[in-house]
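Data block below; observations after.
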Amino acid sequence: MKYIFKNFEFRPSSIGHIMTSLESITDKQLETLDYLLSRPKPTENQQKQIKELEAKRDFVETIDTLPKGIKTYLNGIFRSVYWGRSRMLSNKYLDKGNMCEQDVLEIASLVDNEFYVKNDEKLSNGYVAGTPDNRQDGKIRDAKANWDMDSFDSAELTSLYEWQIKAYCWLDGVTEGELIYGLVNNPIHQIIASKQSLWYSLGQPEDDDDNWIRQVSQLERNMIFDLYKFRDEHPNYELESPLLDFHIPYYFRVKKFDVKLEEKDIENMKRRIILCREYLLNKEIEAENKKKLHKNETK
């Protein structure tokens, strides 16, 4: 029988979820420990620090053991892949992120004075399969469109995104990656839907209602950041705002983080993916055996 999970390839976006609990001590902490151990007469505080760092160094949280949280995540993958059941995760934030990757690459191109082309080629290496947003100059780039200015300002390089980019680097055979956050216009259908929702929530006011004009104007400012691009793409759309002064230059709307792939990252991903496959394969075998046991039962 051909099993689904025997050679299952994970998506790069899944890698961060299965790569937890890898290291208990950082390289910098190891350097500090080496320095303290080299001291002829460590102070009392230094001795305390040595014990803490040695405990971290000797703590065995092996990659060959799946933490409970990873098993919970894998159970979700099993339900989705084997049973075809998964929660509907589509929402306005994800929709904008998926639809506006090219817009983020466009403003990143302006910042770097280089034209970044959207990549459509899916890559696979037997462990991971996915499509990086951009592959140029020996580097992969992943574009994330923020929902609004608040989320853009607070955007950081999370562990999930870092591992996603490392997985893309592994797929493309490069060691350098970049996470790009971009603050770009919301898709027109989201703007229309938001305005309609606001209109209903305010009791269907008249077009000249002061409160309506004030709130819908704020909504437009919150969803449109490149006024010139918006007008070019939607020349017949009439904005409600009486003041069209909410254009933000592109160089204020890009945030970038560098990611480096190391050999140990590849080895850790391989080992953890193999372990996750074994877990999923065992669940699949168990399910298939249960089907065989009850195959003669009335459906």
Side-chain angles (χ1 to χ4, degrees), residues 11 13 86-122 130-134 141-155 161 164 178-256:
R11 294 178 299 174
S13 59
S86 58
R87 291 179 176 176
M88 303 297 290
L89 297 179
S90 178
N91 58 46
K92 60 183 181 180
Y93 309 106
L94 290 175
D95 288 345
K96 180 179 181 181
N98 293 331
M99 296 180 65
C100 297
E101 292 169 351
Q102 181 60 54
D103 291 338
V104 175
L105 288 176
E106 285 180 8
I107 58 175
S109 297
L110 293 172
V111 168
D112 294 342
N113 195 29
E114 173 130 11
F115 180 63
Y116 294 137
V117 180
K118 183 77 168 67
N119 170 61
D120 294 320
E121 181 182 356
K122 185 176 182 179
T131 308
D133 291 333
N134 173 263
R141 296 169 182 84
D142 194 58
K144 307 292 184 184
N146 297 98
W147 173 255
D148 55 17
M149 182 168 277
D150 287 354
S151 59
F152 175 77
D153 285 345
S154 62
Y161 285 157
Q164 180 179 3
E178 189 173 64
L179 172 65
I180 306 174
Y181 286 109
L183 189 58
V184 296
N185 295 339
N186 285 63
I188 188 65
H189 74 275
Q190 289 187 339
I191 296 175
I192 294 173
S194 296
K195 288 175 69 173
Q196 185 178 43
S197 177
L198 176 63
W199 184 69
Y200 279 115
S201 69
L202 294 178
Q204 304 175 351
E206 298 294 332
D207 292 344
D208 59 354
D209 181 82
D210 290 340
N211 186 43
W212 160 252
I213 293 174
R214 183 176 65 257
Q215 293 207 42
V216 75
S217 297
Q218 185 63 61
L219 185 149
E220 290 175 344
R221 296 180 73 94
N222 290 346
M223 302 184 80
I224 301 172
F225 309 97
D226 187 334
L227 189 58
Y228 307 119
K229 182 179 177 67
F230 182 83
R231 283 177 156 174
D232 286 342
E233 293 179 345
H234 313 289
N236 298 321
Y237 187 89
E238 294 186 9
L239 292 164
E240 303 287 348
S241 178
L243 296 176
L244 302 180
D245 60 347
F246 44 86
H247 176 82
I248 300 177
Y250 67 86
Y251 44 84
F252 285 106
R253 298 186 283 113
V254 175
K255 185 185 289 189
K256 300 186 294 181

Can I248 and M149 be said to form a side chain to side chain contact (heavy atoms under 4.5 Å, CB included), step by step? CA-CA 11 Å; I248 300 177; M149 182 168 277; 3.2 Å; yes
Within-4.5 Å side-chain heavy-atom neighbours: [X] and [Y]:
X: L239; Y: I224; answer: yes
X: V111; Y: Y250; answer: yes
X: L244; Y: R231; answer: yes
X: D112; Y: K256; answer: yes
X: R141; Y: P132; answer: no
X: M99; Y: Q190; answer: no
X: V184; Y: D226; answer: no

Taking K144 for the side chain and G97 for the main chain, is one N or O donor matched with an acceptor at less than 3.5 Å?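 Looks like no, no N/O pair under 3.5 Å.
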Name the one of R214, K195, Q215 that satisfies side chain to side chain contact (heavy atoms under 4.5 Å, CB included) with E240?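 Answer to the side chain to side chain contact (heavy atoms under 4.5 Å, CB included) test with E240 among R214, K195, Q215: K195.
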With W147, the side chain to side chain contact (heavy atoms under 4.5 Å, CB included) member among L183, D95, N186: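 Between W147 and the candidates, side chain to side chain contact (heavy atoms under 4.5 Å, CB included) is satisfied uniquely by N186.
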Run F225 and F252 through side chain to side chain contact (heavy atoms under 4.5 Å, CB included) and show every step you take. CA-CA 10 Å; F225 309 97; F252 285 106; over 6 Å; no
At their closest point, which heavy atom of [X] faces which heavy atom of [Y], and how far apart are they?
X: A108; Y: V254; value: N-CG2, 4.1 Å
X: F230; Y: I191; value: CE1-CD1, 3.8 Å
X: D209; Y: N211; value: OD2-N, 3.1 Å
X: P242; Y: I213; value: CD-CG2, 4.1 Å
X: S241; Y: S217; value: CA-OG, 3.3 Å
X: Y181; Y: V104; value: C-CG1, 4.2 Å

Just verifying a value: how many Å separate [X] [atom1] and [Y] [atom2], rounded to the nearest 0.5 Å?
X: S154; Y: K255; atom1: OG; atom2: NZ; value: 6.5 Å
X: D133; Y: D142; atom1: CG; atom2: CG; value: 4.5 Å
X: E220; Y: F246; atom1: CD; atom2: CZ; value: 5.5 Å
X: E233; Y: D103; atom1: CD; atom2: CG; value: 6.5 Å
X: R221; Y: L227; atom1: CZ; atom2: CG; value: 10.0 Å
X: Y93; Y: D148; atom1: OH; atom2: CG; value: 7.5 Å

Heavy atoms of other groups near E114 CD, more than 12 under 6.0 Å: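 Atom CD in E114 is crowded, with more than 12 foreign heavy atoms closer than 6.0 Å.
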For atom CD of Q196, is the number of surrounding heavy atoms from other residues, nucleotides or ligands below 6.0 Å larger than 12?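 Open.
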Let's go through L198 and W212 carefully: what are the C-alpha distance in whole Å and the side-chain angles of both, what is the deciding distance for side chain to side chain contact (heavy atoms under 4.5 Å, CB included) to 0.1 Å, and is it a yes or a no? CA-CA 8 Å; L198 176 63; W212 160 252; 3.9 Å; yes
